[in-house]
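A quick write-up on the structure given underneath.
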Amino acid sequence: MLKTSLKGMLLATMGAALVLSSGCAFTSYGPSLGILSVPIPVSPYFQNKKEDEAAEARYASMMVLDPIPPGKTHIAEDPPSDDQILRKFQEIHNVRGNFPALYEVQHNNIRIVKEKIVDTVDPVRVYPLVGPAQLHHSHWICKVYYTEIVRNGWPIPHTIKNEERMEVIKIDQDHLHRAGNVVPGDAN
């Protein structure tokens, strides 16, 4: 009788060790939130709204950079970001009513070419809330090459694929440079 109970306990221990070592039973990472741990789908409307708020905070304010060293010309080195260009592209090609199987428009194989057309710095001027600064004008032409696919499902289903589409987008990236050692007018 002792032998059978020892064998049973040994088998039960080995079985429990095997189940627990697999990593699937009775284990979890972190605290359990109960019903709150079930994923809830988020509407694309709210997701796009949050992304637009973040982009507005990123691109809406004008930057104030360090002064330009005397005797040196300053060139704008940062071209517009691809995110900024694609947001302007979506404003231009805002497709409303993209209904699957009825009417769809897709923009694929997007390639962006950026070209600087203006890079000038204005003389020192006093700006409210900033003080003496120089306005640096940086204007870019961005050419967006893409493939446009239009699928129409009603009344006669057909697909139109145009592989040689191009859109020209102009973006201004003006920013301020603080002016250092500005000599005020007559000190008398």
Side-chain angles (χ1 to χ4, degrees), residues 37-69 71-125 127-131 133-179:
S37 64
V38 176
I40 299 170
V42 177
S43 169
Y45 170 78
F46 294 111
Q47 182 178 353
N48 289 340
K49 191 174 177 183
K50 280 292 190 189
E51 288 177 4
D52 291 343
E53 288 173 6
E56 184 177 328
R58 188 178 322 129
Y59 298 122
S61 62
M62 181 176 279
M63 296 176 15
V64 180
L65 302 176
D66 291 333
I68 299 172
K72 290 192 175 181
T73 58
H74 187 74
I75 58 171
E77 299 170 354
D78 295 335
S81 67
D82 291 346
D83 176 51
Q84 194 174 9
I85 295 168
L86 289 177
R87 285 186 173 280
K88 290 282 187 184
F89 180 78
Q90 287 176 351
E91 286 177 17
I92 295 169
H93 294 280
N94 189 4
V95 180
R96 299 213 184 251
N98 217 3
F99 301 108
L102 289 179
Y103 181 76
E104 290 182 80
V105 177
Q106 296 177 354
H107 300 117
N108 299 331
N109 303 330
I110 295 177
R111 192 179 45 146
I112 301 172
V113 178
K114 304 167 192 172
E115 178 184 342
K116 187 176 6 176
I117 56 171
V118 173
D119 190 6
T120 60
V121 179
D122 289 348
V124 177
R125 188 180 137 193
Y127 291 91
L129 300 175
V130 175
Q134 293 177 295
L135 181 61
H136 188 163
H137 300 280
S138 174
H139 303 284
W140 296 81
I141 286 185
C142 304
K143 296 177 183 174
V144 180
Y145 298 95
Y146 62 98
T147 301
E148 184 178 56
I149 300 172
V150 178
R151 289 190 175 97
N152 193 353
W154 191 86
I156 300 171
H158 65 280
T159 300
I160 300 171
K161 185 175 183 180
N162 191 348
E163 295 185 8
E164 299 177 359
R165 295 291 307 243
M166 181 188 75
E167 185 71 43
V168 177
I169 299 172
K170 296 179 183 177
I171 294 182
D172 299 338
Q173 286 194 317
D174 297 341
H175 55 272
L176 294 171
H177 289 278
R178 284 179 286 154

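Residue numbers start at 1 and run along the sequence shown. Keep in mind that the numbers below use all heavy atoms, side chains included, and drop hydrogens, waters and symmetry copies.
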List the steps and the verdict of side chain to side chain contact (heavy atoms under 4.5 Å, CB included) for Arg58 and Asp83.
CA-CA 11 Å; Arg58 188 178 322 129; Asp83 176 51; 2.9 Å; yes

Run through Ile117, Ile171, Val118 and flag the one making a side chain to side chain contact (heavy atoms under 4.5 Å, CB included) with Ile141.
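The passing option is Ile117.
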
Is there a donor-acceptor pair under 3.5 Å between the side chain of Asn109 and the backbone N or O of Thr147?
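No, the answer is negative, given that no donor and acceptor are paired below the 3.5 Å cut-off.
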
Please answer whether the main-chain N or O of Ile169 pairs with a side-chain N or O of Lys88 as donor and acceptor at a distance below 3.5 Å.
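Answer holds: no.
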
With side chain to side chain donor-acceptor pair (under 3.5 Å) as the test, pick out the partner of His93 among Glu148, Arg165, Glu167.
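Option passing the side chain to side chain donor-acceptor pair (under 3.5 Å) with His93: Glu167.
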
What pair of heavy atoms forms the shortest contact from [X] to [Y], and how long is it?
X: Pro123; Y: Gln134; result: C-CG, 4.1 Å
X: Ala76; Y: Trp140; result: O-CZ2, 4.4 Å
X: Leu102; Y: Asn152; result: O-OD1, 3.1 Å
X: Lys143; Y: Val168; result: CG-CG2, 4.3 Å

Taking C-beta and beyond as the side chain, do Gln90 and His107 meet within less than 4.5 Å on heavy atoms?
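The answer is no; the side chains never approach within 4.5 Å.
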
Does a side-chain heavy-atom distance below 4.5 Å link Val113 with Glu115?
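Counting from C-beta outward, Val113 and Glu115 never come under 4.5 Å.
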
Distance-only donor-acceptor pairs under 3.5 Å for side chains of residues 46-55, two or more places apart:
unit_1: Asn48; atom_1: ND2; unit_2: Pro44; atom_2: O; d: 3.4
unit_1: Asp52; atom_1: OD1; unit_2: Arg87; atom_2: NH1; d: 2.7

Name each donor-acceptor pair under 3.5 Å that joins a side chain in residues 172-179 to protein atoms two or more places apart or in another chain, with its distance.
unit_1: Asp172; atom_1: OD1; unit_2: His139; atom_2: ND1; d: 2.4
unit_1: Gln173; atom_1: NE2; unit_2: Gln84; atom_2: OE1; d: 3.3
unit_1: Asp174; atom_1: OD1; unit_2: Ser138; atom_2: N; d: 3.4
unit_1: His175; atom_1: NE2; unit_2: His136; atom_2: ND1; d: 3.3
unit_1: His175; atom_1: NE2; unit_2: His177; atom_2: NE2; d: 3.3
unit_1: His177; atom_1: ND1; unit_2: Asp66; atom_2: O; d: 3.1
unit_1: His177; atom_1: NE2; unit_2: His136; atom_2: ND1; d: 3.2
unit_1: Arg178; atom_1: NH2; unit_2: Asp66; atom_2: OD1; d: 2.4

Does atom CG of Asn108 have more than 12 heavy-atom neighbours from other groups under 6.0 Å away?
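Yes - once you tally the heavy atoms of other residues, nucleotides and ligands closer than 6.0 Å, there are more than 12.
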
Thinking salt bridges, do Asp82 and Lys114 make one under a 4.0 Å N-O criterion?
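Salt bridge between Asp82 and Lys114, a charged N being under 4.0 Å from a carboxylate O: yes.
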
